[in-house]
Amino acid sequence: MTSIPAFHVSSRSRAEGKGIIFIQSRKDALSSGTFAVGISVHFNPATDDYPSGSIRIKTDLSDSLKASFSSTSIELINSYGKHNPTIDLTGRCRSSAEKSPKGLRYWVMIADNRRGQEGTPDIVGFVIHDRQGNRVAYGTGPVRSGDIKVEPS
């Protein structure tokens, strides 16, 4: 029996900014409990063939590889929402670690909670896996400093 693969279609999306995220439970004697995110990505199906841009994540968390990760592709980008626009991205990345695992893939979610206003900070979550499915790095938490803007859909 032949199976048709599921299509994953990107939607019109844009995100830009930087943030430092602190997670108290991921701090220990060797780790600061922070990860930093820098993002500049976009996709417009009317004019772009594929999603493009860059994502960089620098981790200093317990229970994760301490390294910088840079996207090498954006394979899927979707954003949704008006009042707290949220974006999901997935693709391939590489690591700055000396003995970097092979075949790294990332998933990133960012909720733009309008940092310039009083209230809820932006939220960033990510996970990075190697080609064998082993988790290499992960984290989710509030942006402590910086701002990431997600264009509302």
Side-chain angles (χ1 to χ4, degrees), residues 8-97 100-101 104-130 133-153:
H8 297 280
V9 179
S10 293
S11 63
R12 182 181 181 117
S13 302
R14 178 178 296 278
E16 195 168 331
K18 295 179 182 179
I20 297 175
I21 295 84
F22 173 69
I23 307 169
Q24 179 65 41
S25 63
R26 304 289 298 281
K27 180 180 178 179
D28 62 17
L30 301 175
S31 305
S32 68
T34 64
F35 68 94
V37 173
I39 186 168
S40 179
V41 298
H42 63 88
F43 178 66
N44 181 343
T47 58
D48 301 329
D49 289 336
Y50 301 100
S52 62
S54 65
I55 303 165
R56 184 177 175 96
I57 300 170
K58 184 175 182 180
T59 58
D60 190 13
L61 301 164
S62 64
D63 193 26
S64 284
L65 180 65
K66 196 178 289 192
S68 291
F69 300 90
S70 299
S71 62
T72 58
S73 73
I74 301 171
E75 295 172 10
L76 183 66
I77 181 172
N78 292 114
S79 62
Y80 44 90
K82 179 179 177 184
H83 299 287
N84 75 318
T86 302
I87 193 166
D88 294 311
L89 306 110
T90 188
R92 299 175 193 173
C93 63
R94 65 177 175 265
S95 163
S96 68
S100 179
L104 296 177
R105 298 186 58 81
Y106 68 86
W107 174 84
V108 174
M109 183 278 307
I110 300 170
D112 180 353
N113 290 313
R114 312 297 173 144
R115 183 86 166 144
Q117 302 174 13
E118 290 293 320
T120 308
D122 295 343
I123 304 296
V124 178
F126 79 97
V127 66
I128 297 171
H129 289 269
D130 68 13
N134 299 310
R135 187 186 69 237
V136 174
Y138 72 101
T140 300
V143 173
R144 175 185 255 183
S145 66
D147 189 28
I148 302 172
K149 295 190 184 316
V150 176
E151 187 175 290
S153 57

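Quantities reported herein were computed from a predicted structural model and do not represent experimental measurements.
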Where [X] and [Y] come nearest, the two heavy atoms and their spacing:
| X | Y | value |
| --- | --- | --- |
| Leu104 | Ser100 | CD1-OG, 3.9 Å |
| Ile123 | Pro142 | CD1-CA, 3.8 Å |
| Arg135 | Val127 | CG-CG2, 3.9 Å |
| Thr140 | Gly125 | OG1-CA, 3.4 Å |
| Ala15 | Val150 | CB-CG2, 4.2 Å |

Find out whether [X] and [Y] are in side-chain contact, i.e. whether some heavy atom of one side chain is under 4.5 Å from a heavy atom of the other.
| X | Y | answer |
| --- | --- | --- |
| Leu65 | Ser95 | yes |
| Ser68 | Arg56 | yes |
| Tyr138 | Leu61 | no |

So, does [X] use its side chain to make a donor-acceptor pair with the main chain of [Y] at under 3.5 Å?
| X | Y | result |
| --- | --- | --- |
| Ser13 | Phe43 | no |
| Asp28 | Ser31 | yes |
| Ser40 | Glu16 | no |
| Thr90 | Tyr106 | yes |
| Ser79 | Arg12 | yes |
| Asp112 | Asp147 | no |
| Ser10 | Ile77 | yes |

**OP:** Give a yes or no on whether the ring-centroid distance for Phe35 and Phe126 is below 6.0 angstrom.
**Re:** yes
**OP:** Take Val124 and Ile39, measure what side-chain contact (heavy atoms from CB on, under 4.5 Å) needs, and give me the verdict at the end.
**Re:** CA-CA 11 Å; Val124 178; Ile39 186 168; over 6 Å; no
Original post:
Given the rule in the side-chain contact (heavy atoms from CB on, under 4.5 Å) test, do Thr59 and Ile128 qualify, once you have shown the distances and angles that lead to the verdict?
Top reply: CA-CA 11 Å; Thr59 58; Ile128 297 171; 5.8 Å; no
Output the distance between atom [atom1] ([X]) and atom [atom2] ([Y]), rounded to the nearest 0.5 Å.
| X | Y | atom1 | atom2 | answer |
| --- | --- | --- | --- | --- |
| Arg144 | Ile21 | CZ | CD1 | 10.5 Å |
| Cys93 | Ile74 | SG | CD1 | 11.5 Å |
| Phe22 | Ser32 | CZ | OG | 8.0 Å |
| Ile148 | Asp122 | CD1 | CG | 6.0 Å |

Would you kindly say whether [X] and [Y] are connected by a side-chain donor-acceptor distance under 3.5 Å?
| X | Y | answer |
| --- | --- | --- |
| Ser64 | Arg26 | yes |
| Asp60 | Thr34 | no |
| Asn113 | Asn84 | yes |

**OP:** Assess whether atom OH of Tyr50 is packed by more than 12 heavy atoms of other residues, nucleotides or ligands within 6.0 Å.
**Re:** no
Original post:
Counting only heavy atoms not in Lys149, do more than 12 fall under 6.0 Å of its NZ?
Top reply: no
Subject >> Glu75: salt bridge (Lys or Arg N to Asp or Glu O under 4.0 Å) partners, not counting sequence neighbours >> reply: Arg92, Arg105
